[in-house]
**Q** 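Quick one: the structure is below, questions incoming.
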2 protein chains.
Amino acid sequence: MFLSKSFGYALRGILYVALKDTEGRKVKLGEIAEKLSVPRHFLAKIMKLMVQEGILSSIKGPYGGFLLNENTLTAKLIHLVKITDGVEQFNTCVLSLRKCNSKNPCPLHYQMLKLRDGMLAEFSKTTIGDLLNQETPDFIKSISVI
Amino acid sequence: MFLSKSFGYALRGILYVALKDTEGRKVKLGEIAEKLSVPRHFLAKIMKLMVQEGILSSIKGPYGGFLLNENTLTAKLIHLVKITDGVEQFNTCVLSLRKCNSKNPCPLHYQMLKLRDGMLAEFSKTTIGDLLNQETPDFIKSISVI
DNA sequence: TCCAAAAAGGATATTGACATCTTTTTTGGA
DNA sequence: TCCAAAAAAGATGTCAATATCCTTTTTGGA
């Protein structure tokens with residue numbers, strides 16, 4: 001709900017690389033797509049976006065693949081949202097009214113403001129590293145089983 | 001974000017009827033669509049759904065239109081969501097993982113659970129009447145200006 | 001220098017939400 | 001009884017997100 005499938009693919013993809021990229025091992029697109037049961041070519045575009053945004057690295061050619069870089073673990077979830085969905089989401093009126101604001105609030109304005117600020121705060125502070133550090137029994141399984 | 005345009009149309013439509021239906025005056029589809037700047041035929045289907053769900057009434061023929069009934073003001077927002085988007089929204093994993101639950105939580109499970117429960121609670125308790133009763137400078141304007 | 005493997009890029013389907021148009025049913029009044 | 005107006009119903013069109021397929025670029029190693 002409220003976030004696109006693309007966002008889910010991006011997060012699961014980057015987390016998978018983070019889990020597998022140990023001692024310089026590069027992770028191939030095919031492996032990620034297969035293990036996460038995600039459409040390969042669609043995932044390719046999303047991975048590419050993350051590379052372009054600098055929160056992930058890639059190497060072309062044989063023995064190539066995706067790997068972490070110095071920005072990956074500190075990347076905020078809001079950055080992924082920005083890449084896949086656009087952050088305007090957090091600021092658009094739930095009734096699609098462009099003129100909705102505190103001066104001219106829609107009937108749901110304040111209720112939504114509260115909820116949305118909570119989300120925005122959560123997504124602005126949580127990093128990829130934070131998610132990896134939370135103890136989950138079987139992390140790799142949790143992002144793989146659809 | 002996270003709610004469809006249909007939900008917005010439904011809510012604004014039912015609120016408009018509630019504001020205009022005084023002393024048995026019926027509100028015509030054309031008037032609602034025009035005043036709210038909403039696509040007429042699309043709105044027609046959504047209004048019909050609300051009638052079928054029993055939270056709004058309608059009368060066919062000349063001098064017909066939409067009007068409130070005994071359920072309108074006590075209808076919960078969650079009911080509108082159910083009609084337009086489906087309530088599964090509130091229970092589906094943000095990463096689209098069907099097997100995500102407390103036994104096998106996705107990396108965002110608990111963060112989202114908290115946020116989602118807040119929303120669900122809000123939408124489960126707030127009624128159409130509640131929205132009408134909150135003091136807004138110019139209510140009709142707030143649902144009309146897009 | 002050439003080949004194969006991998007990411008990157010681009011072109012084309014598919015699908016569901018959103019929107020529009022047309023026809024049918026209902027009904028109050030002339 | 002007939003007509004016009006309104007909701008209801010059904011058919012079709014549009015568009016963006018999602019998905020798939022094909023081509024290009026890059027690069028390590030034989």
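Letters go in sequence order (proteins before strands), and every chain restarts at 1.
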**Q** Using whole Å, report how far CG of B:L43 lies from P of D:dA9.
**A**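 These atoms are roughly 15 Å apart.
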**Q** To the nearest 0.5 Å, tell me how far A:Q89 CD sits from A:R116 CZ.
**A**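 Between A:Q89 CD and A:R116 CZ, I get 10.0 Å after rounding to 0.5 Å.
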**Q** Under the side chain to side chain contact (heavy atoms under 4.5 Å, CB included) rule, collect the residues that match up with A:S96, sequence neighbours excluded.
**A**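 Testing A:S96 for side chain to side chain contact (heavy atoms under 4.5 Å, CB included), a comparison that skips the adjacent residues, returns B:K5.
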**Q** Side chain to side chain contact (heavy atoms under 4.5 Å, CB included) with A:S144: which residues, sequence neighbours excluded?
**A**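 Here the qualifying residues are A:L36, A:I140.
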**Q** Closer than 3.5 angstrom, by distance alone: can the side chain of A:T72 be matched with the main-chain N or O of A:I55 as a donor-acceptor pair?
**A**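 Yes, because the side chain of A:T72 sits within donor-acceptor range (under 3.5 Å) of the backbone of A:I55.
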**Q** It should be established whether B:Q52 places a side-chain nitrogen or oxygen under 4.0 Å from OP1 or OP2 of nucleotide D:dA7.
**A**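 For B:Q52, the contact criterion (side-chain N or O under 4.0 Å from OP1 or OP2 of D:dA7) is not met.
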**Q** Mind checking what makes side chain to side chain donor-acceptor pair (under 3.5 Å) contact with B:H109, not counting sequence neighbours?
**A**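 Residues passing side chain to side chain donor-acceptor pair (under 3.5 Å) with B:H109: none at all.
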**Q** The criterion is side chain to side chain contact (heavy atoms under 4.5 Å, CB included); which residues satisfy it with B:L132, sequence neighbours excluded?
**A**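 With neighbours one apart ignored, the set is B:L15, B:A18, B:L19, B:L73, B:I128, B:F139.
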**Q** Can you tell me the distance, in whole Å, between the CZ atom of B:R40 and the P atom of D:dA8?
**A**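 That distance rounds to 12 Å.
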**Q** Please determine whether the number of non-hydrogen atoms from other residues, nucleotides or ligands lying under 6.0 Å from atom NZ of A:K125 exceeds 12.
**A**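 Yes.
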**Q** Whole angstroms only, please: what is the CD1-C1' distance between B:I46 and D:dA9?
**A**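 Going from B:I46 (CD1) to D:dA9 (C1'), I get 15 Å.
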**Q** Checking B:I146 now: which residues fulfil side chain to side chain contact (heavy atoms under 4.5 Å, CB included) with it, not counting sequence neighbours?
**A**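 For B:I146, the residues satisfying side chain to side chain contact (heavy atoms under 4.5 Å, CB included) (neighbours in sequence not counted) are A:L97, A:R98, B:R12, B:S37.
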**Q** Using the ring of each side chain (for Trp, its six-membered ring), is B:F123 parallel, tilted or perpendicular to B:F90, with breaks at 30° and 60°?
**A**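 Ring orientation, 0 to 90° scale: tilted.
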**Q** Regarding A:Q134 and B:Y110, is there a side-chain donor-to-acceptor distance under 3.5 Å anywhere?
**A**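 No.
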**Q** Extract, from 5' to 3' on DNA chain C, the first and final nucleotides lying under 4.0 angstrom from some heavy atom of chain B.
**A**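 Span of nucleotides near chain B: C:dC18 to C:dG29.
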**Q** Report, as a single string ordered 5' to 3', how protein heavy atoms within less than 4.0 Å touch nucleotides 12-19 of chain D: B base, S sugar-phosphate only, - not at all.
**A** ------BB
**Q** Quick check for you: to the nearest 0.5 Å, what is the distance between B:M119 atom CE and B:F2 atom CZ?
**A**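 The CE atom of B:M119 sits 4.0 Å away from the CZ atom of B:F2.
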**Q** Looking at DNA chain D, which of residues 27-34 of chain A put a heavy atom within less than 4.0 Å of it?
**A**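 Heavy-atom contacts with DNA chain D come from no residue of residues 27-34 of chain A; none.
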**Q** Who passes side chain to side chain donor-acceptor pair (under 3.5 Å) against A:K114, sequence neighbours left out?
**A**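 Expected list: B:E122.
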**Q** Give the residues of residues 55-66 of chain B touching DNA chain C, defined as any heavy atom closer than 4.0 Å, sorted by residue number.
**A**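 Heavy-atom contacts with DNA chain C come from B:K60, B:G61, B:P62, B:Y63.
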**Q** With no hydrogens and no angle check, just 3.5 Å: does a side-chain donor-acceptor pair link A:D85 and A:S4?
**A**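 Indeed, the side chains of A:D85 and A:S4 share at least one donor-acceptor pair under 3.5 Å.
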**Q** Keeping to residues at least two apart or across chains, list the side chain to side chain donor-acceptor pair (under 3.5 Å) pairs with something in residues 39-49 of chain A.
**A**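 Applying side chain to side chain donor-acceptor pair (under 3.5 Å) to every pair that reaches into residues 39-49 of chain A, excluding sequence neighbours, yields nothing.
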**Q** What dot-bracket string describes DNA chain C from 5' to 3', counting Watson-Crick and G-U wobble pairs whose defining distances are under 3.5 Å, with [ ] for crossing pairs and | for pairs to another strand?
**A** ||||||||||||||||||||||||||||||
**Q** Do the side chains of B:E53 and B:K76 get close enough for a salt bridge, i.e. N-O under 4.0 angstrom?
**A**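 B:K76 and B:E53: not salt-bridged.
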